[in-house]
Visitor: 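Okay, handing you the structure first.
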Amino acid sequence: MVSVTDTEFCLQFSGSPENVRFALIEICAQLRTIGVPDDAVGTAELVVGEVLNNIVEHAMADQPDGLIDVACTDGRDGQLFTIIDDGIEMPGGKLPAGIPPEVDTELEDLPEGGWGWSLVHTLTRDIAYQRVEERNCVKFLLPKVA
């Protein structure tokens, strides 16, 4: 389900990897429709994709029928995203710190995970998490590119 105005859109879907792929396609299309430049659409796809994939892999691993809501408002400073899901609470009730893994090691010993939240923290501003009525809510601003 998609709801659209001139400067915002909302999307709701169940939490599966396939639905995340379709949702990202729709999110990119809606961003272009409301006039977001292609470079910012690419950044949004990367960041929103990382957040949604983490929701499906971790928060909703045992409940693929749970719902994910994505809302985006295009404003003067950039795109404000709100992502709400039915998954379990973030560990410790807070966002991961976003500290990248240690890379001072041999190539074959580099870690495979731990990069996503670092990327999200680097590319967004005003990122926040809260648990509201048994749902997770992540908000962030993707700043306009100068």
Visitor: Begin from the C-alpha positions of Arg135 and Leu67 and carry the test side chain to side chain contact (heavy atoms under 4.5 Å, CB included) through to its verdict.
Guide: CA-CA 10 Å; Arg135 298 191 86 201; Leu67 293 177; 4.1 Å; yes
Visitor: Is Phe140 reachable from Leu11 through a run of hydrophobic residues whose side-chain heavy atoms are each under 4.5 Å from the next?
Guide: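 The answer is yes; both residues are in one hydrophobic cluster.
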Visitor: Might you point out which heavy atoms bring Ile34 and Glu8 nearest each other, and give the distance in Å?
Guide: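 Taking every non-hydrogen atom into account, CG2-N, 4.3 Å.
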Visitor: How long is the gap from CG on Leu80 to SG on Cys72, to the nearest 0.5 Å?
Guide: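 One gets 7.5 Å once the value is rounded to the nearest 0.5 Å.
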Visitor: Can you name the nearest heavy-atom pair linking Ile27 to Val48, along with the distance?
Guide: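 Of all heavy-atom pairs spanning Ile27 and Val48, the closest is CD1-CG1, 3.9 Å.
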Visitor: Determine, using the 4.5 Å side-chain heavy-atom cutoff (strictly less than), whether Val20 and Ile88 are members of one ILVMFWY cluster.
Guide: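 Unlinked, Val20 and Ile88 end up in two clusters.
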Visitor: Please name the pair of heavy atoms, one in Cys137 and one in Thr82, separated by the smallest distance, quoted to 0.1 Å.
Guide: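 For Cys137 versus Thr82, the nearest heavy atoms are SG-CG2, 3.8 Å.
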Visitor: Determine whether Ile83 and Asp69 make a side-chain contact, defined as any pair of heavy atoms from C-beta on separated by less than 4.5 Å.
Guide: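 The answer is no, as the side chains (C-beta and beyond) never meet within the 4.5 Å cut-off.
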Visitor: Going through the distances and angles, do Glu50 and Leu46 end up as a side chain to side chain contact (heavy atoms under 4.5 Å, CB included)?
Guide: CA-CA 6 Å; Glu50 184 60 38; Leu46 187 63; over 6 Å; no
Visitor: Could you pull out the closest heavy-atom pair between His121 and Pro96, with the gap in Å?
Guide: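 Shortest heavy-atom contact: NE2-O, 2.8 Å.
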Visitor: Do Thr7 and Asp74 pair up side chain to side chain, a donor and an acceptor below 3.5 Å, judged on atom types alone?
Guide: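 Side chains of Thr7 and Asp74: no pair found under 3.5 Å.
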Visitor: Between Phe81 and Phe9, what is the ring plane arrangement, given parallel below 30°, perpendicular above 60°, and tilted in between?
Guide: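 Judged by the thresholds at 30° and 60°, the geometry between Phe81 and Phe9 is perpendicular.
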Visitor: Between atom SG of Cys28 and atom CG of Asp38, what is the distance when rounded to the nearest 0.5 Å?
Guide: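 Atom-to-atom, Cys28:SG and Asp38:CG are 9.5 Å apart.
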Visitor: Apply side chain to side chain contact (heavy atoms under 4.5 Å, CB included) to the pair Ile84 and Ile68, showing each step before the final yes or no.
Guide: CA-CA 6 Å; Ile84 300 172; Ile68 300 173; over 6 Å; no
Visitor: Side-chain polar contacts of residues 56-66 - donor-acceptor pairs under 3.5 angstrom, sequence neighbours left out - could you list them?
Guide:
from  : atom 1 : to    : atom 2 : distance (Å)
Gln63 : NE2    : Asp86 : O      : 2.5

Visitor: Of all heavy-atom pairs between Tyr129 and Met90, which one has the smallest distance, and what is that distance?
Guide: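 Closest approach of Tyr129 to Met90: OH-N, 3.1 Å.
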Visitor: Rounded to the nearest 0.5 Å, what's the gap from CD on Glu89 to CD on Glu134? Could you check?
Guide: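 Here the rounded value is 8.5 Å.
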Visitor: Given side chains that start at C-beta, do those of Val47 and Leu142 come closer than 4.5 Å, heavy atoms only?
Guide: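 The answer is yes, as the side chains (C-beta and beyond) meet within the 4.5 Å cut-off.
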Visitor: When you group the ILVMFWY residues by side-chain heavy-atom contacts below 4.5 Å and let the links chain together, are Val36 and Leu24 in the same group?
Guide: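 Yes; Val36 is reachable from Leu24 via cluster members.
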Visitor: Determine, step by step, whether Gln79 and Thr73 satisfy the side chain to side chain contact (heavy atoms under 4.5 Å, CB included) criterion, reporting the C-alpha distance in whole Å, the side-chain angles of both residues, the deciding distance to 0.1 Å, and the verdict.
Guide: CA-CA 6 Å; Gln79 293 76 47; Thr73 302; over 6 Å; no
Visitor: Taking all atoms of both residues into account, what is the closest heavy-atom pair of Lys144 and Gly75, and its distance?
Guide: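 So the two residues come closest at CE-O, 3.1 Å.
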Visitor: In the structure I gave you, are the side-chain heavy atoms of Trp117 and Ile127 within less than 4.5 Å of one another anywhere?
Guide: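 Yes, close enough: below the 4.5 Å cut-off.
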Visitor: Kindly work out whether a path of hydrophobic side-chain contacts (I/L/V/M/F/W/Y, heavy atoms less than 4.5 Å apart) joins Ile55 to Phe13.
Guide: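 Per the 4.5 Å side-chain linkage, Ile55 and Phe13 are co-clustered.
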Visitor: Applying a strict under-4.5 Å side-chain criterion to I, L, V, M, F, W and Y, I'd like to know whether Leu95 and Leu52 cluster together.
Guide: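 The answer is yes; both residues are in one hydrophobic cluster.
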